[in-house]
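Order of listing sets the numbers, starting from 1, for every ligand and every atom in it. Count residues from 1 along the sequence.
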Amino acid sequence: MRMRKKKRGEERLFALSSVVFPDIDSYCKKRAENGETSKIFEKELPLRLEIGCGKGDFICETSLRDDGYNYFAMEKVRDVIVVAAEKYASSRGLGALSPHGDWQGPDGHIYKDGERFDIPLEMRGNVRFILCDAAELDKLFEPCTFDTIYANFSDPWTKNGQAERRLTAPSFLSLYEKLLIPGGSFRFKTDNIQLFEYSLKTVRDSSLELSYFTHDLHGSEKNADNVQTEYEKNFAAKGVKINYLEAVKKS
Ligand SMILES: C[S@@+](CC[C@H](N)C(=O)[O-])C[C@H]1O[C@@H](n2cnc3c(N)ncnc32)[C@H](O)[C@@H]1O
């Protein structure tokens with residue numbers, strides 16, 4: 001996802017670092033302090049992960065609708081994750097971006113010049129963002145951590161020699177298999193039919209079990225539960241059909 005460079009992106013991310021881990025080390029330090037991944041959150045709930053969360057529409061809506069879970073949203077581009085984190089914080093009543101582009105807390109205080117908004121744990125809600133590449137996933141999480149892993153409209157990497165970067169490449173699928181709990185599922189949506197055909201094949205060849213797929217998610221029985229992402233809304237508005245698959249880790 002291309003984005004114009006955000007004004008003081010690093011500072012804005014740091015202001016909200018109660019809900020965003022700006023790098024792998026800050027996450028690993030916090031997890032070590034808390035002992036377990038689930039203790040990073042106020043309530044101990046089953047965990048879900050979104051990879052490549054973009055500007056955060058999906059995670060903001062899903063985490064409110066399915067609030068019996070805690071969520072990690074991972075994104076590799078800082079200027080993109082900052083938008084997602086700010087969207088989340090404002091949707092949870094934690095303030096808003098000021099007209100000058102600084103974070104303004106609910107009491108009107110403006111966090112600027114490297115000041116951090118220390119949000120009490122009980123106000124942080126059920127999502128934490130991590131600025132990181134999915135290739136680093138196994139440095140962050142223990143095996144059997146997640147109930148569900150989502151990858152929505154990930155980059156198709158169409159050029160020769162780039163297939164290994166696809167989020168449904170065999171190496172990624174075996175990583176997801178390791179991180180899912182038995183019975184947990186990997187859920188994948190894309191507009192790109194070549195990427196989808198490739199993903200059906202890699203899933204079938206993996207140790208995950210393909211449990212569902214459709215070439216028309218919005219026309220399927222799964223549509224009632226579907227939360228649309230930013231990309232999905234754009235594609236749907238143009239009449240593009242959305243491909244979707246679910247794959248389960250065998251018990
Ligand atoms: C095409 S956008 C889709 C964004 C959003 N999921 C949506 O559906 O609207 C793909 C996003 O995934 C992120 N991404 C791609 N590969 C990634 C990786 N290996 N690790 C983390 N994020 C990744 C990109 O930076 C980009 O923001």
Side-chain angles (χ1 to χ4, degrees), residues 1-6 9-10 12-13 20-27 48-63 65 71-88 91 127-141 145-146 148-159 161-176 178-179 186-196 198-199 202 217-218 222-223 225-238 240-246:
M1 177 179 283
R2 282 170 176 260
M3 288 281 287
R4 275 192 300 157
K5 202 155 176 49
K6 287 275 159 300
E10 209 168 325
R12 281 167 53 181
L13 208 57
V20 188
F21 296 103
D23 50 48
I24 296 182
D25 289 349
S26 62
Y27 169 77
R48 291 178 161 182
L49 168 71
E50 185 190 9
I51 302 171
C53 69
K55 295 189 207 162
D57 279 11
F58 177 82
I59 203 70
C60 289
E61 194 177 333
T62 301
S63 61
R65 201 186 65 177
Y71 296 81
F72 284 98
M74 175 176 281
E75 168 58 54
K76 68 176 180 180
V77 179
R78 191 186 63 199
D79 287 350
V80 175
I81 205 169
V82 77
V83 175
E86 288 172 346
K87 191 178 284 176
Y88 171 72
S91 75
V127 181
R128 298 293 180 274
F129 296 84
I130 306 183
L131 176 59
C132 156
D133 194 298
E136 313 271 21
L137 265 171
D138 58 350
K139 293 189 187 149
L140 297 165
F141 301 110
T145 294
F146 295 106
T148 310
I149 297 177
Y150 304 97
N152 297 318
F153 299 87
S154 58
D155 305 317
W157 295 109
T158 48
K159 290 195 187 135
Q162 291 184 329
E164 282 186 11
R165 298 193 200 175
R166 295 176 189 151
L167 290 182
T168 50
S171 58
F172 278 111
L173 294 179
S174 56
L175 202 49
Y176 308 154
K178 194 162 104 187
L179 296 178
F186 170 61
R187 300 181 186 189
F188 176 73
K189 301 194 253 195
T190 181
D191 59 300
N192 186 301
I193 188 65
Q194 286 81 17
L195 176 62
F196 193 63
Y198 167 87
S199 306
T202 54
L217 173 60
H218 298 176
K222 298 274 181 183
N223 192 42
D225 288 332
N226 182 45
V227 172
Q228 294 197 14
T229 75
E230 299 91 51
Y231 270 61
E232 188 170 356
K233 287 171 196 163
N234 287 336
F235 287 125
K238 292 178 191 151
V240 176
K241 293 249 189 300
I242 307 301
N243 303 284
Y244 173 69
L245 70 79
E246 292 178 6

Assess the side chains of Tyr88 and Glu86: does a donor N or O sit below 3.5 Å from an acceptor N or O?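 Their side chains do not contain a donor-acceptor pair, so the 3.5 Å distance test is not met.
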Crowding at [atom1], [X] (>12 non-hydrogen neighbours, <6.0 Å):
X: Lys233; atom1: NZ; value: yes
X: Glu136; atom1: CD; value: yes
X: Lys87; atom1: NZ; value: yes

Can you name the atoms of ligand 1, numbered from 1 with element, that are less than 4.0 Å from a heavy atom of [X]?
X: Thr229; answer: 7 (C), 8 (O), 9 (O)
X: Val77; answer: 25 (O)
X: Phe153; answer: 1 (C), 2 (S), 3 (C), 8 (O), 10 (C)
X: Asp155; answer: 1 (C), 10 (C), 15 (C), 16 (N)

Flag [X] as yes when one of its N or O atoms lies below 3.5 Å from any N or O atom of ligand 1, and as no otherwise.
X: Ala134; result: yes
X: Glu232; result: no
X: Gly52; result: yes
X: Ser154; result: no

With ring centroids as reference points, do Phe129 and Phe21 lie under 6.0 angstrom apart?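 Ring centres of Phe21 and Phe129 not closer than 6.0 Å.
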For Tyr150, the option from Arg187, Glu50, Arg48 that meets side chain to side chain donor-acceptor pair (under 3.5 Å):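 The side chain to side chain donor-acceptor pair (under 3.5 Å) with Tyr150 is passed solely by Arg48 among Arg187, Glu50, Arg48.
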Considering Lys76, Glu50, Gln228, Lys233 one by one, which has a heavy atom nearer to atom 21 (C) of ligand 1 than any of the others?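 Shortest heavy-atom distance from atom 21 (C) of ligand 1: Lys76.
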Relative to the ring of Phe196, is the ring of Phe188 parallel (under 30°), tilted (30 to 60°) or perpendicular (over 60°)?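 Taking Phe196 first and then Phe188, their aromatic rings lie parallel (interplane angle under 30°).
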Using heavy atoms and a 4.0 Å limit, tell me yes or no: is Cys132 in contact with ligand 1?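 For ligand 1, residue contact (heavy atoms, under 4.0 Å) with Cys132 is present.
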